J.: 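Pasting in a structure now, in structure tokens, and then I'll have a few things to ask.
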There are 2 protein chains.
Amino acid sequence: MKLALIGYGNVGKALARLLALERKSYPFRITAIHTARHGTAYGPDGLTQDPAFGPPAASVEEFLDRAAAEVLVELTPLNPVNGEPAISHIRAAFARRMQVVTANKGPIAHAYAALNEEAARAGVLFRFEATVMDGAPVFNLVRRTLPAVRILGFIGSLNSTTRICIEAMRRGQSLEEGIRQARAMRLTEADASYDIDGWDAAAKTAALANVLMDARLTPQQVSTRGIRRLTPERLAELRAKGKTVCLVSRARRVNGQVRLRVRAEVLNENDILACLPGSSNLLLLQTDQMGTIGVFSVSPGIQQTAYGVFADLVEVFETQGQAREKLQRTRAC
Amino acid sequence: MKLALIGYGNVGKALARLLALERKSYPFRITAIHTARHGTAYGPDGLTQDPAFGPPAASVEEFLDRAAAEVLVELTPLNPVNGEPAISHIRAAFARRMQVVTANKGPIAHAYAALNEEAARAGVLFRFEATVMDGAPVFNLVRRTLPAVRILGFIGSLNSTTRICIEAMRRGQSLEEGIRQARAMRLTEADASYDIDGWDAAAKTAALANVLMDARLTPQQVSTRGIRRLTPERLAELRAKGKTVCLVSRARRVNGQVRLRVRAEVLNENDILACLPGSSNLLLLQTDQMGTIGVFSVSPGIQQTAYGVFADLVEVFETQGQAREKLQRTRAC
């Protein structure tokens, strides 16, 4: 199965390593990569993990046409304002009847309902497991293992950088020191304010609500406050009372409307949201049939995010296989 | 899809309620129920939730032949010694090319590898999501959302009764009082020693290891110690140090051999295994590609166990649908 990548940063390189590792079981080939920084690389027979980039394609449309791949893997960085240009990349792929897998939460947070309908019209799959929980099963968990279940709401700790910063401040270090540590763990971008001010968490909250609760909301519609005002002194006071702080996402339905918020909440140290180490993410799903179930990933990193993309690619591959089989059986008639 | 139930206790009745609730979306019909206590009921057009039982079938074979259902739903109580007679019930169904869904952990803990091979030979599905985590996705999670992932080991808190008992003893109540509370919550059988001495946890540990790690072990091969010697005094001492106790299941591979143990472990109060309330179960899966991911169910009850059976029935139904479609397409030729 031929893959065209847009974006080739840490996640893209980790994905290329994983695909090489699983080559025997899954015949995935990266045949084209388009990047803003390095230019564009084509290799119909499969590119190496460290390909030679030529001049950039004039447009994403030109790139996709020349790539002639079956799947677009969209790995550009998050634009929290409006999800572009990733949304346009995905639409360009749908227009070419390409399947799409993305690790970019922007399109899910800003345009999920529309993109989902466009994918259905194009008769292709649109998958995004890696966007919210660093590859831990969330969307696939609900879709593939919880039939007939209605998601009534959720509570989550979805931002790793703020967890690292709060741990650092509980040790008496400064917020800036915490940010440095998160950056060293490659958890946060050069500008950490997206994380600290809660916008990363807001985007993930909107994405989850759009997919699991048909919320049709944007990150701007999430009531959001970050941890910027939090101090080591405040955390020391709380610690003395057996309490801590966690940046918590909450979704609930109020008179048919989905309400979303992100807050630095004071929690008991033994609260399930607080007791995971380091960069761990945790999500509690409140359901009608299954009560409250939770899923978490312990100190995930780039490799887990890449695995989330891989898991989606496997589903695309198996679905294509079934479709091909149908076609062959029909032709055989 | 016609279902034959063996066993009709709390889980069976909760399943019947759930099936009635989902009738519009899923055309499942219970057409026969065989019980040890009440006798046998047949209703080709679908039995009510409170059916009239006639004399018991002379044998399970006679019951299955007369039931003429597509799926056996095995809901008899656990026999922790050898998993019988549930294993024989399941084999009798396979011999009739019936699909099998069970909530009984005995067969998975004692004979999974053999039953799985027999199901494959018979060309039917064998599903058991409700056996270990009260319906929370575990087996379906790994099979359907974690492709190419290898389970290296796991750590779990899998027994609800001991959690309730330890909570009671931390409040200064006796073990017996805790058992009374667990019984009132319908978490434990008349004889609570299976829970207190760790045999329920050992059976779940063997079941998980057999399915997820191809361990081919029985509960008797799990190194098991329960919580019988635990006292309110000991828990008070630990509490003063911010610690508590939890019955913990552990699986790991040592020189290619899977080693399983169940122990009452001393944990920090904010350990992820300790910080869930009441009857909650939690499982940490250690994987090669996805690091450590966890799943838990908050204070699950009978309804969740019934949902686990339902989720398996939905998979059987959809798989049958695909098979039927293939057949029709072939016949159409």
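Note: hydrogens, waters and symmetry copies are ignored here, and every other heavy atom, side chains too, is used. Since this is a predicted model, take the numbers as computed values, not measurements. Labels below follow one simple rule: chain letters A, B, ... track the order of the sequence lines, proteins then strands, and each chain is numbered from 1.
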J.: With side chains defined as the heavy atoms from C-beta onward, is the minimum distance between Y307(B) and P147(A) less than 4.5 Å?
T.: yes
J.: Give the interface residues of residues 285-303 of chain A toward chain B, defined by a heavy-atom separation under 4.5 Å.
T.: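 D288(A), Q289(A), M290(A), G291(A), T292(A), I293(A), G294(A), V295(A), F296(A), S297(A), V298(A), Q303(A), listed by number.
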J.: For D134(B), is it the side chain, the backbone, both, or neither that has a heavy atom closer than 4.5 Å to a heavy atom of chain A?
T.: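 For D134(B), the backbone is the part near chain A, not the side chain.
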J.: Quick one: closest heavy-atom pair of A148(B) and F310(A), and the distance?
T.: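 Distance-wise, the nearest heavy atoms are CB-CE2, 3.8 Å.
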J.: Taking every non-hydrogen pair under 4.5 Å, which of A311(A), C275(A), P277(A), A136(A) racks up the most with chain B?
T.: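 Of A311(A), C275(A), P277(A), A136(A), C275(A) has the most heavy-atom pairs under 4.5 Å with chain B.
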J.: As a test of understanding, state which of N140(B), V138(B), V142(B) forms a side chain to side chain contact (heavy atoms under 4.5 Å, CB included) with T145(A).
T.: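 Single pass found, and it is N140(B).
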J.: Out of G135(B), S280(B), S25(B), return the one with the most heavy atom pairs under 4.5 angstrom to chain A.
T.: G135(B)
J.: Any idea which of L146(A), D271(A), N268(A), L141(A) has the most non-hydrogen atom pairs under 4.5 angstrom with chain B?
T.: L146(A)
J.: Taking every non-hydrogen pair under 4.5 Å, which of Q304(A), Q322(A), E22(A) racks up the most with chain B?
T.: Q304(A)
J.: What part of I272(B) lies closer than 4.5 angstrom to a heavy atom of chain A: side chain, backbone, both or neither?
T.: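 Both the backbone and the side chain of I272(B) come within 4.5 Å of chain A.
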J.: Are there residues of residues 238-252 of chain A that reach to under 4.5 Å of chain B by heavy atoms, and which ones?
T.: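 Within residues 238-252 of chain A, near chain B: nothing under 4.5 Å.
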